[in-house]
2 protein chains.
Amino acid sequence: MSTRHEEIADELRQAIDREEYAVGGRLPAETELAARYGVSRGTVRQAVAALTSEGLIGSRQGARRVVLASRRSQSFAELRSFAQWARAMGREATGRVVAQEYLPASAQDAARLQLRPGVPVLHVLRVRGLDGEPVLVERTVYADWISPAVEGIDPDAPSVTQLLFEGTGLVFAYGEHVIDAVAASAQDAELLDIRRTNPLLRVRRVTTTREGRPVEWSDDRYRSDAVSFSVHNSIGNNALARKTAE
Amino acid sequence: MSTRHEEIADELRQAIDREEYAVGGRLPAETELAARYGVSRGTVRQAVAALTSEGLIGSRQGARRVVLASRRSQSFAELRSFAQWARAMGREATGRVVAQEYLPASAQDAARLQLRPGVPVLHVLRVRGLDGEPVLVERTVYADWISPAVEGIDPDAPSVTQLLFEGTGLVFAYGEHVIDAVAASAQDAELLDIRRTNPLLRVRRVTTTREGRPVEWSDDRYRSDAVSFSVHNSIGNNALARKTAE
DNA sequence: GCTGAGAACTTGTCTGAACAAGTTGGCCCC
DNA sequence: GGGGCCAACTTGTTCAGACAAGTTCTCAGC
């Protein structure tokens, strides 16, 4: 919590949580908040802009801001990593590496990770679970420059993201996710302890660093009876988009 | 295109599209752009903030902004509506109402639409297609105060959103989407011309007005061989969240 | 009691300025 | 040639003020 506008955004979130500002009610005017926190109107606007993009409050020119919802479920911020998400829900994340090998980058790998074709890239097949029950099969390809750091990780480590950050300072900053549904393959079925052809939620994603350099791409398949995804869209912040099949 | 910062954002998007600023290259400094467009630094910052949240450019304090990608696929902005999306891709959206009836609101309907239980709400079962091929089954429940306007709509109308806007001025401003995978039911299979138990991508969504008033909630099932969804996440803009099954 | 006009209020846009914090490149020295 | 330090550059944060554009409330008039 470093900057003033982040502090104010957080105080407002908490105030909404403890129903100081009721859902459906109105937030104080910008000038009111500015006076109360002893900052300029611009700083207040930065704070409320954050809440607006989170969908907590609605905003229209001329009218006071309205509280739309209290904090969505619980977790909202730091849940890019499966392990972090599980911990935030009070459940234990487990992980197990089933197979791991270097293969020369295919044309597809090379394009997605911005590498030259043929460079050896690390393929990892991992099963992840909540409290021991398998819920996710992850097939990940890591860029050559990060592979050595991944290779050394304990096969049973619950959080790869965490270990990569501690080991190399790497931060996953951007992600592009393509979501669809597929029938479980024989291998999926065995690893997740379900029947073949059961529906799975597939998320194919590319994760990049702050500089926009791709780190990994992954095909994740979730047991759809255990995990779903939630997306919030608002006017001017259209994170969710449809795509036709290639 | 009314405000100056929107204009500048658009010019930058176009400049990136025509590779004036190459992917991987650097954007001019804020002061540079401010001078070039004859505006203050604050206005330039509003413009580049839009591109950052779209994932087109990356930003780190101290370093020049980097171009991460050219415009994502094509459509980005105005694709909340199925019909608008289809048109933007040069395909024709079709729609057909299979069934339509008023039922008293269940406790679930009432909670999601913020109505009193028992109020008659309009249930509509609709099949939608691209160029005649069915790709989507939509089971929608409309709030009582908008139902009359929906009821009057031509059963074969391609765009309900458009007609509602023209008829009542209603704008869909916010949406909460929960995504998972399900096996096709017998009815789904018949309507979509696929086999039962084939995997479908299910999107359950609640759409609200600018004031945060829920308008409709819907269970949409997409043929996963025809349509997928794409979500862009960035640091500080975490639209995508996992959820456990209820 | 209802309607319509207008005043008061509120958010959106924009300016110009200053300092803080982080990055990059070049220069000097070894 | 290589390493390290510093200066120049760039983005992030914050302020104070001004006007535009839209909403809400009040009050007069019917």
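FYI, side chains are in, hydrogens and waters are out, and symmetry mates aren't considered; it's all heavy atoms of this structure. A note on names: the letters A, B, ... follow the listed sequences, proteins ahead of strands, and every chain is numbered from 1.
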Please state how far atom NE2 in A:H5 lies from atom C1' in D:dC15, giving the value in whole angstrom units. 15 Å
Distance in angstrom units between A:R65 CZ and D:dG22 P, rounded: 16 Å
Can you find a donor-acceptor N/O pair under 3.5 angstrom joining the side chain of B:R41 to the base of D:dG12? yes
Below 4.0 angstrom from OP1 or OP2 of C:dC14, is there any side-chain N or O of B:R4? no
Quickly work out the B:Q61 CD to C:dC19 C1' distance and round it to whole Å. 12 Å
Between atom CD in A:E32 and atom C1' in C:dC9, what is the gap in whole Å? 13 Å
Look at A:R205 together with A:E176 and state whether they make a salt bridge at an N to O cut-off of under 4.0 Å. no
Is A:S59 touching bases, backbone alone, or none of the nucleic acid, heavy atoms closer than 4.0 Å? sugar-phosphate
Do any side-chain nitrogens or oxygens of B:T43 fall under 4.0 Å of OP1 or OP2 in C:dT13? no
Donor-acceptor pair, side chain of A:S147 and main chain of A:A143, under 3.5 angstrom: yes
B/S/- along nucleotides 3-8 of chain D (protein heavy atoms under 4.0 Å) is ------
Examine D:dT10: is either OP1 or OP2 under 4.0 Å from a nitrogen or oxygen in the side chain of B:R45? Give yes or no. no
Heavy atoms, side chains only, cut-off 4.5 Å: are B:Y21 and B:P28 in contact? yes
Any side-chain heavy atom of B:W217 sitting closer than 4.5 Å to one from B:T208? no
Are OP1 or OP2 of D:dT24 and a side-chain N or O of A:R60 less than 4.0 angstrom apart? yes
Report yes if the side chains of B:R26 and B:R65 come closer than 4.5 Å at any heavy-atom pair, otherwise no. no
Rounded to whole angstrom units, what separation is found between the CD atom of A:Q46 and the C1' atom of C:dC14? 15 Å
Indicate whether any N or O donor in one side chain lies under 3.5 Å from an N or O acceptor in the other, for A:Y142 and A:E151. no
Measure from OH on B:Y37 to P on C:dC14 and round the result to the nearest Å. 14 Å
Polar contact flag, side-chain donor to acceptor under 3.5 angstrom, A:E216-A:T207: yes
